[in-house]
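Working notes for the structure below.
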Amino acid sequence: MTEGTTAPAAEGVDTLSRLEQEGEIAADYLEGLLDIADLDGDIDMDVEADRAAVSIISDSNSRDLQKLVGRDGEVLEALQELTRLAVHRETGDRSRLMLDISGYRAQKRTELAALGAKAADEVKSTGEPVKLDPMTPFERKVVHDAVAAAGLRSESEGEEPQRFVVVLPA
């Protein structure tokens, strides 16, 4: 084998190891936060779409973890940024880690994919662009993916925090 044929495989293993390390650092950080807040929750780690994914889940039907989601996911977004900073502090590398709490982000992803598909259908039937309400970067990404899956294109316009998606005709 030549060096060129083994490098991509080694690079993939290195990337996976790095993302797993990010997940472990994030899990330790979040466990500490849960202990401080005296909240029950289990940490689940995974690697999805070339990024570490960490979820806090609860066995009980407790609403305690909902406090960590906040209104419209605001607290979740803040915790994700704090967790990314904790990972950055340990590794020196910028993290794209995704945090989910009690399935909030997974449910939001489903809702946003449906919104993107609905907007794409509207554009297909009217031939006119559709502007959606302002969204977070995560939300816009999900909508862009849904629009692309429907065979159309979309763009983000505006400035944060009022940045929004425009679905365009083919």
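For the numbers below, each heavy atom of this structure counts, side chains included, while hydrogens, waters and symmetry mates do not. This one's a predicted model, so the numbers in the text were calculated from it and none came from an experiment.
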Heavy-atom closest pair, residues A119 and V167: CB-CG2, 3.9 Å
Contacts of E160 that satisfy salt bridge (Lys or Arg N to Asp or Glu O under 4.0 Å) - sequence neighbours left out: R140
OG on S58 to CG on L68, rounded to 0.5 Å: 10.5 Å
Shared hydrophobic cluster, M135 / V123 (ILVMFWY, side-chain heavy atoms < 4.5 Å): yes
Stepwise side-chain contact (heavy atoms from CB on, under 4.5 Å) test for T15 and L19: CA-CA 6 Å; T15 300; L19 293 174; 4.0 Å; yes
Under 3.5 Å, which donor-acceptor pairs link side chains of residues 145-152 to any protein atom two or more places apart or in another chain?
residue	atom	partner	partner atom	Å
D145	OD1	K141	NZ	3.0
D145	OD2	K141	NZ	2.8

Atom pair CZ/CG of F138 and L112 - distance to nearest 0.5 Å: 6.5 Å
Minimal non-hydrogen separation, G158 against R163, with atom names: O-NH1, 2.7 Å
Listed once per pair and sorted, the salt bridge (Lys or Arg N to Asp or Glu O under 4.0 Å) pairs that draw on residues 65-77, sequence neighbours left out: D64-K67, R71-E74, E77-R105
4.5 Å side-chain heavy-atom contact, M98 and D46: no
Flag side-chain contact, heavy atom, 4.5 Å: R94 against R96: yes
Distance-minimising heavy-atom pair for M45 and G23: SD-O, 3.1 Å
Any P169 side-chain heavy atom under 4.5 Å of E128 side chain: no
Residues forming a side chain to side chain contact (heavy atoms under 4.5 Å, CB included) with T91, sequence neighbours excluded: Q21, I25, V87, D93
Atom of L132, atom of V143 and distance for their closest heavy-atom approach: CD1-CG1, 3.7 Å
Sequence neighbours excluded, every pair satisfying side-chain hydrogen bond (donor to acceptor under 3.5 Å, both in side chains) that has a member inside residues 22-33: R18-E22, E22-S95
Qualifying residues under side chain to side chain contact (heavy atoms under 4.5 Å, CB included), relative to D42, sequence neighbours excluded: I57, D59
Sequence-distant partners of L30, side chain to side chain contact (heavy atoms under 4.5 Å, CB included), two or more places apart: L33, I43, V54, I56, T83, L99
Approximate separation, where rounding is to 0.5 Å, of D133 CG and Q162 CD: 9.5 Å
Results of side chain to side chain contact (heavy atoms under 4.5 Å, CB included) for K131 - residues two or more places apart only: F164, V166
Common cluster, V142/I101, ILVMFWY with side-chain heavy-atom separation under 4.5 Å: no
Residues in salt bridge (Lys or Arg N to Asp or Glu O under 4.0 Å) contact with R153, at least two apart in sequence or another chain: E155
Listed partners of E90 passing salt bridge (Lys or Arg N to Asp or Glu O under 4.0 Å), at least two apart: none
Crowding at CG, D38 (>12 non-hydrogen neighbours, <6.0 Å): no
E81: salt bridge (Lys or Arg N to Asp or Glu O under 4.0 Å) partners, not counting sequence neighbours: R84
Nearest heavy-atom neighbours spanning A26 and L97: CB-CD1, 3.4 Å
pair D40-L34: side-chain heavy atoms closer than 4.5 Å: no
Pairs flagged by salt bridge (Lys or Arg N to Asp or Glu O under 4.0 Å) wherever residues 106-124 is involved - sequence neighbours left out: K108-E139
